[in-house]
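Only one structure is covered here, and it is reproduced in the block below.
Chain letters run A, B, ... following the sequence lines, proteins first, then strands; residues in each count from 1. Only a predicted model underlies this, so the values are computations on that prediction, with no experimental measurement involved. These numbers come from the heavy atoms of this one structure, side chains and all, not from hydrogens, waters or symmetry mates.
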Amino acid sequence: MIASFIAIPGSVIGMVLLFLALQFNWVRVEQVDEVGTWLTDNMGIFFVPAGVGLMSNFGVLANTWWQLLIIMAVTTILMMGFVGKIVQSVKGMVKKNKLVEKGEGSHA
Amino acid sequence: MLESILNSPMLWITITIGLYLIAGKLKAKWPKNPLFTPLVFAIIVIILFLLVTDIPLETYNTGGRFFSLFVTPATVALSIKLKKNFVYLKKYYAAILSGIVSGVIFHTIMIYAFALLFKFDQNMVATLIPKSITTAIAVGVSDSLGGIVSLTVAVVVFTGVIGAVVGQTVFKIFKIDDPVAQGVALGSSSHAMGTTKAIELGDVQGAMSGLSIVVTGIIVVILAPLTVPITNLLF
């Protein structure tokens, strides 16, 4: 159980804490907006060294690159279609329920 | 002389920033070419440069590691995006959460199926499970599950490129025309690169996609520990 908590990256814990701080107005958006937006807008560059680190994995890639390519293409396409379909149909259902509630005179 | 220049962090910092900026210019000129995505371009050119000049990765990292320092603060800053788009989450939470949670589970099952098919080992599964989320969170998940972090970065980036390229075709085939659904689908399956596509499609799509990056990341973080016993059982 403890091990599963440790598995949460520190950055994600920080993200949740900052969100709570913003939500409960301990920190106002204006106070962190400038630095925060600069960081997220230029996020790509922070991953360049990690990507260059791929060099040390050429051995793994030599044998698996085509398998990885298939996995990436198939799973990305299917996940996108799957999520889109579900969101679309659940949203449609919720809307319908709200309309029914409205029809019965309750405040929807 | 040459030695001391090569070992100076400033050289590698300058090269990295320079390539990133050049790619930005190229991207503005040829927006359709995924090769000019600044992150992709910088990684490829630097790897080629190091290979050609026979400079070891460690030498690059004397400067490179300074960029890695910013990954954590940038991830924390994602919550500002979440806060700004929180109204959408409140409004459509049922649709968004059910879509993303079931999507993440579906994605994990597909990864397991392919891993079994290709006879991958546990490290490879751990590398691929965080595939669809933003690099910042994917790196942490991959690391804690015992994956190959640098390979996760590459897989995540490539997934984003694929997502952005196929997005509109997928929507046509699966008949997804709702802007909220399109945004969530792009953000949850191909993170920030999908989001750039979503922004092109419209304001609602862009906001929903940005929101979905964070939500999907958090859901993967919560669900990832549950995959450990399954991985141990299957591989």
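Between the OG1 atom in B:Thr159 and the CE atom in A:Met80 there is a gap of 10.0 Å [rounded to 0.5 Å]. In this structure, OG in B:Ser102 is found 8.5 Å from CE in A:Met79, a value given to the nearest 0.5 Å. Atom CG of residue A:Asn42 and atom CD1 of residue B:Ile17 lie 10.0 Å apart, to the nearest 0.5 angstrom. Considering CZ of B:Phe158 and CE of A:Met72, their distance stands at 5.0 Å, rounded to 0.5 Å. The CE atom of A:Met43 lies 7.0 Å from the OG1 atom of B:Thr135; values are rounded to the nearest 0.5 Å.
Using a 4.5 Å cut-off between heavy atoms, A:Leu78 touches chain B through backbone and side chain atoms alike. For a residue to count as touching a neighbouring chain, one of its non-hydrogen atoms must lie under 4.5 Å from one of that chain's; by this rule A:Val29 touches chain B with the side chain only. For a residue to count as touching a neighbouring chain, one of its non-hydrogen atoms must lie under 4.5 Å from one of that chain's; by this rule A:Val35 does not touch chain B. Contacts of B:Val153 with chain A are made by side-chain atoms alone, with heavy-atom separations under 4.5 Å and no backbone atom involved. Both the backbone and the side chain of B:Leu151 come within contact range of chain A, each with at least one heavy atom under 4.5 Å from a heavy atom of that chain. Neither the backbone nor the side chain of A:Trp65 comes within contact range of chain B, judged by heavy atoms closer than 4.5 Å. For B:Pro73, the parts lying under 4.5 angstrom from a heavy atom of chain A are both the backbone and the side chain. The parts of A:Val48 that come within reach of chain B are both its backbone and its side chain, each placing non-hydrogen atoms under 4.5 angstrom from that chain. Only the side chain of A:Thr64 comes within less than 4.5 Å of a heavy atom in chain B; its backbone stays farther off.
In terms of heavy-atom proximity, A:Val87 sits nearest to B:Ala181 at CG1-CA, 3.6 Å.
Using a 4.5 Å heavy-atom cut-off against chain A, the contacting residues of residues 189-197 of chain B are B:Ser189, B:Ser190. Contacts between residues 79-88 of chain B and chain A, counted as heavy-atom pairs separated by less than 4.5 Å, involve B:Ser79, B:Ile80, B:Lys81, B:Leu82, B:Lys83, B:Lys84, B:Phe86.
Residues meeting the ring-ring contact (aromatic ring centres under 6.0 Å, His included) test with B:Phe120, sequence neighbours left out: B:Phe118. With sequence neighbours excluded, the residues satisfying ring-ring contact (aromatic ring centres under 6.0 Å, His included) with B:Phe106 are A:Phe82.
Taking the six-membered ring where the residue is Trp, A:Trp38 and B:Phe70 present perpendicular rings, their angle passing 60° and hence far from 30°.
The neighbour count for A:Phe58 CZ, taken as heavy atoms of other residues, nucleotides or ligands under 6.0 Å away, is above 12.
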